[in-house]
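Heads up: the structure comes next, in structure tokens.
Below, each value reflects all heavy atoms present in this structure, side chains not excepted, and no hydrogens, waters or symmetry copies. Counting convention: from 1, in listed order, for ligands and their atoms alike. Note that the coordinates shown come from a computational prediction; the quantities given were computed from them, not determined experimentally.
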Amino acid sequence: MIFHVLTIFPEFFRGPFEHGVVARARNAGALEIRVHDLREWTFDRHRTVDDRPFGGGEGMLLKPEPLFRAVESLWPERGRDRAVILLSAQGRLFDQAAARRYSGMSELLLLCGRYEGVDERVAEHLADEEVSVGDYVLSGGELAAAVVIDAVARLLPGVLGNRDSAVYESFGESGGLDCPQYTRPADFRGWRVPQPLLDGNHAEIRRWRRRAAAEKTARLRPDLLRPPQPDGEGGEGKI
Ligand code: SAH
């Protein structure tokens, strides 16, 4: 799979993808990350990417022309197995279901906003989807793009060592959280690992894990226990 990122800070992406499973997957050729400098698609002397908002107000906005030019030159044709994603606090919430859907595509092109945001015509006429990583405001789309790439990359075939590890984790088949996990020592400062995990009875371990996962989901994320919506999608606001 190929991820394209369009940003005014290409150096930002030097760090995030050089460790762990994503780095291994890149080295193995399972995915490619191409970072593009938005200023490559400006033609004035100052390589201007921003301008003041009509109607007044604080700050600057990313102008539409460089973004349209960039996307249209990277992808002269748009296919169904590719999507242009605008990272935006106003977007639909990114979740594991969206990560799974994107992992079935051949390419994603992620547009990173900056300043006070992006001219709305980019959301309306250039992006296929406007996506938020959470209900808070970041100073730029780069961290959000890194979150999306990381979550999608680890779902690609051959990226995680164990074929099942993406199924039995949080937001996997059960829809709830993963169960609590422990490693040695069995007794740390008097806090003991739950007995069923130490006894080696596999049926008991499965039962304990199911119950502990359900308890933790109910305690920390009761919203995940809501019955599925009639349209078969997640709740309102989910992709
Ligand atoms: N004025 C905007 C915020 C702009 S923040 C508003 O109030 O909605 C600048 C850029 O950071 C945005 O264009 C977007 O690309 C990115 N950004 C901020 N918060 C984000 C979030 N929760 N998810 C994804 N991208 C976000």
Side-chain angles (χ1 to χ4, degrees), residues 1 3-17 22 33-42 47-72 74-75 78 82-103 105 107-155 170-171 221 223-224 233-239:
M1 180 166 184
F3 298 89
H4 300 266
V5 185
L6 199 53
T7 170
I8 60 168
F9 295 128
E11 323 77 48
F12 188 96
F13 293 91
R14 288 226 188 100
F17 305 122
V22 177
I33 299 168
R34 298 188 192 160
V35 181
H36 308 277
D37 185 346
L38 182 62
R39 292 189 201 275
E40 298 285 312
W41 286 275
T42 56
R47 309 184 85 198
T48 310
V49 290
D50 60 328
D51 208 336
R52 286 194 301 274
F54 278 118
E58 291 292 304
M60 304 292 270
L61 296 175
L62 286 185
K63 293 157 60 65
E65 304 95 311
L67 285 158
F68 273 79
R69 272 190 220 119
V71 172
E72 286 161 1
L74 290 170
W75 286 359
R78 307 269 288 264
R82 301 165 156 196
V84 175
I85 294 170
L86 172 65
L87 282 317
S88 158
Q90 300 151 33
R92 285 173 181 270
L93 279 181
F94 180 65
D95 61 9
Q96 192 68 9
R100 275 194 289 270
R101 186 162 55 81
Y102 294 152
S103 72
M105 295 186 170
E107 295 188 38
L108 283 187
L109 201 166
L110 300 144
L111 310 179
C112 304
R114 272 279 156 182
Y115 314 118
E116 289 306 310
V118 181
D119 184 290
E120 187 66 15
R121 286 164 291 193
V122 171
E124 286 175 353
H125 305 294
L126 184 64
D128 296 302
E129 300 180 26
E130 190 173 354
V131 171
S132 164
V133 294
D135 289 344
Y136 39 78
V137 179
L138 300 167
S139 55
E142 286 77 8
L143 272 175
V147 165
V148 170
I149 292 173
D150 189 282
V152 174
R154 58 193 294 289
L155 298 179
S170 298
F171 321 110
R221 293 296 307 275
D223 55 302
L224 295 176
E233 300 287 330
E236 182 119 352
K238 300 278 171 65
I239 298 169

Report task. Find out whether F13 and I33 are in side-chain contact, i.e. whether some heavy atom of one side chain is under 4.5 Å from a heavy atom of the other. Result -> no

Report task. Flag V118 as yes when one of its N or O atoms lies below 3.5 Å from any N or O atom of ligand 1, and as no otherwise. Result -> no

Query raised in the report: Which ligand 1 atoms are under 4.0 Å away from a heavy-atom of G141?
Result: 11 (O), 15 (O), 16 (C)

Requested in this report: Could you tell me whether the side chain of I8 reaches within less than 4.5 Å of the side chain of R39, counting heavy atoms only?
Outcome: yes

Query raised in the report: What atoms of ligand 1 come within less than 4.0 Å of a heavy atom belonging to V131?
Result: 24 (C)

Query raised in the report: Looking at A144, which atoms of ligand 1 are within less than 4.0 Å of one of its heavy atoms?
Result: 24 (C), 25 (N)

Query - Residue and atom name of the nearest protein heavy atom (relative to atom 5 (S) of ligand 1), distance in Å to one decimal - result: L138 O, 3.2 Å

Query raised in the report: For ligand 1, which atoms have a heavy atom of G113 less than 4.0 angstrom away?
Result: 10 (C), 13 (O), 15 (O)

Query raised in the report: So how far is it from E107 CD to M1 CE, rounded to the nearest 0.5 Å?
Result: 8.5 Å

**Report entry** Closest protein heavy atom to atom 8 (O) of ligand 1, given as residue, atom name and distance to 0.1 Å
**Finding:** Q90 NE2, 2.8 Å

**Report entry** Contact check, side chains of V148 and L87, non-hydrogen atoms, under 4.5 Å
**Finding:** yes

Requested in this report: Identify the protein heavy atom lying closest to atom 21 (C) of ligand 1, giving its residue, its atom name and the separation to 0.1 Å.
Outcome: A89 CA, 3.7 Å

Query raised in the report: Got a second to check how far F68's CZ is from K63's NZ, nearest 0.5 Å?
Result: 12.5 Å

Query raised in the report: Is L67 close to L6 at the side-chain level, that is, under 4.5 Å between some pair of heavy atoms?
Result: yes

Query raised in the report: What class does the angle between the rings of W75 and H4 fall in, given that below 30° is parallel, 30 to 60° is tilted and above 60° is perpendicular?
Result: perpendicular

Report task. Please report which non-hydrogen protein atom sits nearest to atom 3 (C) of ligand 1, along with the residue it belongs to and the distance in Å to one decimal place. Result -> V137 CG1, 3.8 Å

Report task. Hey, could you give me the OG/CZ distance between S170 and R221, rounded to the nearest 0.5 Å? Result -> 9.5 Å

Report summary line: among protein heavy atoms, the one nearest atom 9 (C) of ligand 1 is Y115 O, 3.3 Å

Report summary line: If you scan protein heavy atoms around atom 15 (O) of ligand 1, the nearest is L87 O, 2.6 Å

Report summary line: One finds that the ligand 1 atoms under 4.0 Å from a non-hydrogen atom of G117 are 4 (C), 13 (O)

Requested in this report: Provide, to 0.1 Å, the distance between atom 25 (N) of ligand 1 and the closest protein heavy atom, together with that atom's residue and name.
Outcome: S88 N, 3.3 Å

Report task. Looking only at distances, please establish whether an N/O atom of ligand 1 is found under 3.5 Å from an N/O atom of Y136. Result -> yes

Query raised in the report: Looking only at protein heavy atoms, which one is nearest to atom 1 (N) of ligand 1, and how far off is it?
Result: E116 O, 2.8 Å

Query raised in the report: Would you call the rings of W41 and H36 parallel, tilted or perpendicular if under 30° counts as parallel and over 60° as perpendicular?
Result: perpendicular

Report task. Examine G134 against ligand 1 and note whether any of their N/O atoms are separated by less than 3.5 Å. Result -> yes

Query raised in the report: Any Lys/Arg nitrogen of R78 or D128 sitting under 4.0 Å from an Asp/Glu carboxylate oxygen of the other?
Result: yes

Query raised in the report: Any N or O on V133 sitting closer than 3.5 Å to an N or O of ligand 1?
Result: yes

Requested in this report: Say whether Y115 and E58, considering side chains only, have a donor N or O and an acceptor N or O under 3.5 Å apart.
Outcome: no

